[in-house]
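Taking it in order: structure first as structure tokens, then the write-up.
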Protein chains: 2
Amino acid sequence: MTKERADAARNREKVLAAAAELFAAKDPRAVTMDSIARAAGVGRGTLYRRYPDVASIATALLDEHEKALQHELLQGPPPLGPGAPPHERLAAFYTAMTGLLDQHVHLALGAETGARRYATGAYGFWRAHVLALAREADVADPDALADTLLAPLAPDVFAYQRERGVSPARLAAALTELARVLVR
Amino acid sequence: MTKERADAARNREKVLAAAAELFAAKDPRAVTMDSIARAAGVGRGTLYRRYPDVASIATALLDEHEKALQHELLQGPPPLGPGAPPHERLAAFYTAMTGLLDQHVHLALGAETGARRYATGAYGFWRAHVLALAREADVADPDALADTLLAPLAPDVFAYQRERGVSPARLAAALTELARVLVR
DNA sequence: GACTGAACCGGACACGGTGTCCGGTTGCAC
DNA sequence: GTGCAACCGGACACCGTGTCCGGTTCAGTC
């Protein structure tokens with residue numbers, strides 16, 4: 001991995017900043033490669049050099065916000081990190097994720113709508129974490145349960161519930177209950 | 001509501017038959033209005049007259065298959081229909097839905113990917129049903145729980161799990177366990 | 001501080017899908 | 001058989017995509 005050229009780095013910054021603004025401003029599905037290029041003052045070819053499509057740009061932006069949580073899950077203090085019983089860790093994870101989603105729904109919707117969600121590295125991480133907790137708790141079929149436990153965190157579901165008037169806090173409470181009874 | 005003209009009915013048949021074949025044959029996201037029109041031997045204008053987009057065609061096809069289950073939920077024998085305790089009814093619903101999804105993933109993916117899922121009438125029906133069961137079981141926050149309980153049935157999730165090797169039967173078992181502990 | 005090759009830039013291009021529009025056709029009622 | 005309304009379908013303009021290549025900028029070398 002060779003060092004990044006100065007002009008390339010400059011453009012990457014411009015692109016990410018412009019994209020972040022666009023995603024925050026309007027419907028994520030209306031954000032197009034063309035609009036990002038124009039907003040960043042950059043040619044379309046430049047965009048495609050680094051990102052194959054809009055979703056991958058949203059994913060790059062989202063990744064930054066998710067890194068911190070991922071770190072805490074691996075080696076932070078309990079109940080998020082190791083040390084607490086599985087159901088408490090799962091509940092803490094749920095609460096943290098609803099908070100994260102609450103802040104960045106736009107990005108999440110731009111990055112992970114539909115099947116693409118499962119192709120991202122982040123999903124793999126969340127899945128591994130939940131799977132480990134399920135195993136630790138001796139549930140019947142951890143592998144089948146993992147994706148089931150993650151399904152309510154899909155950006156689409158979250159956005160719909162919030163639009164419906166279910167606050168992130170209420171959702172977190174419901175998920176905590178789910179964690180409590182299912183992974184004990 | 002006036003009677004449908006004979007040529008119109010003929011074309012509707014042709015369109016639905018051609019669409020069903022296309023959805024079954026290839027990636028639902030690759031099915032386009034244009035391809036349906038060509039396969040049906042019909043002009044594009046004719047298509048747009050009745051369906052605003054591809055998803056609505058898939059929804060129309062899916063609706064037919066879902067009607068039977070909806071009828072059973074309302075007035076069929078227990079445990080699917082009224083009469084059984086909530087957790088048993090929910091488990092039966094889960095099993096029926098995984099079966100339905102297993103048969104018609106293509107259509108479901110074409111119809112309900114992403115946010116569109118929540119706009120369909122079918123989702124409203126499933127939601128009302130699950131909500132009623134949750135209320136009957138005196139859970140803490142039925143409204144927040146309803147969409148959470150339905151999230152694992154999203155076509156995307158189902159398709160991903162099946163591709164991963166989780167059979168519909170295993171999934172149904174996991175969901176049954178979920179129903180048992182959460183809605184008692 | 002000039003040279004050089006490699007990395008990078010960005011606009012032009014061809015393509016494919018969308019949704020609309022309207023002249024022509026078909027079916028139905030009287 | 002006649003008239004009208006509903007219906008048909010292809011042509012059209014538009015938009016976003018992804019690629020390609022001539023030109024530019026950078027960084028290391030002497």
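Sequence lines set the chain letters: A, B, ... in the order given, protein chains first and strands last, and positions in each chain run from 1. Note: hydrogens, waters and symmetry copies are ignored here, and every other heavy atom, side chains too, is used.
- Criterion: ILVMFWY side-chain heavy atoms under 4.5 Å apart, direct or through other members. Under it, Trp126(B) and Leu145(B) are part of a common hydrophobic cluster.
- A sub-4.0 Å separation between OP1 or OP2 of dC8(C) and a side-chain N or O of Arg49(A) is present.
- Remark: P of dT20(C) and CG of Asp53(B) are 11 Å apart, rounded to the nearest angstrom.
- Counting only Watson-Crick or G-U wobble pairs whose defining distances are both under 3.5 Å, the stems of 3 or more consecutive pairs in DNA chain D are C:1-30 with D:1-30.
- Linking Ile, Leu, Val, Met, Phe, Trp and Tyr whenever their side-chain heavy atoms come within less than 4.5 Å leaves Leu100(B) and Phe23(B) in two separate clusters.
- A salt bridge does not link Lys67(B) with Asp63(B): none of the charged nitrogens is closer than 4.0 Å to a carboxylate oxygen.
- Between the CG atom of Leu47(B) and the C1' atom of dC8(D) there is a distance of 12 Å, given to the nearest Å.
- A donor-acceptor distance shorter than 3.5 angstrom exists from the side chain of Gln161(B) to the backbone of Ala144(A), with no hydrogens or angles considered.
- A salt bridge links Asp53(B) to Arg116(B): one of the charged nitrogens lies within less than 4.0 Å of a carboxylate oxygen.
- For Thr46(B), whose side chain is taken as the heavy atoms from C-beta onward, the closest listed nucleotide among dG10(C), dG9(D), dA12(C) is dG9(D).
- Here dG17(C) presents its P atom at 13 Å from CG of Asp27(B), a figure rounded to the nearest Å.
- Atom P of nucleotide dA7(C) and atom CZ of Arg50(A) are separated by 14 Å, given to the nearest angstrom.
- In this structure, Asn11(B) does not reach the dT26(C) phosphate: none of its side-chain N or O atoms is under 4.0 Å from OP1 or OP2.
- If you find the closest nucleotide of DNA chain C to Ser35(B) and to Arg12(A), the one lying nearer the 5' end belongs to Arg12(A).
- A salt bridge does not link Arg170(B) to Asp143(A): none of the charged nitrogens lies less than 4.0 Å from a carboxylate oxygen.
- Between Val54(A) and Ala6(A), the residue anchored nearer the 5' end of DNA chain D, judged by the nucleotide with its closest heavy atom, is Val54(A).
- Of the listed nucleotides (dC8(C), dT18(C), dG18(D)), dC8(C) has the atom at the smallest distance from the side chain of Ala8(A).
- Between the CE atom of Met33(A) and the C1' atom of dC15(D) there is a distance of 15 Å, given to the nearest Å.
- With rounding to whole Å, Arg44(A) atom CZ is found 17 Å from dC21(D) atom P.
- Proximity of Thr32(B) to the phosphate of dG17(C): no side-chain N or O atom is located under 4.0 Å from OP1 or OP2.
- Atom OH of Tyr48(B) and atom P of dG17(C) are 11 Å apart (whole Å).
- Checking Arg38(B) against Ala9(A), the closest nucleotide of DNA chain C that is more toward the 5' end is the one next to Ala9(A).
- Using a 4.0 Å heavy-atom cutoff across all strands shown, Arg10(A) reaches sugar-phosphate atoms only and no base atom.
- One can place CZ of Arg29(B) at 19 Å from C1' of dT18(C), the figure rounded to the nearest angstrom.
- No donor-acceptor pair under 3.5 Å is formed between the side chain of Arg117(B) and the backbone N or O of Tyr123(B).
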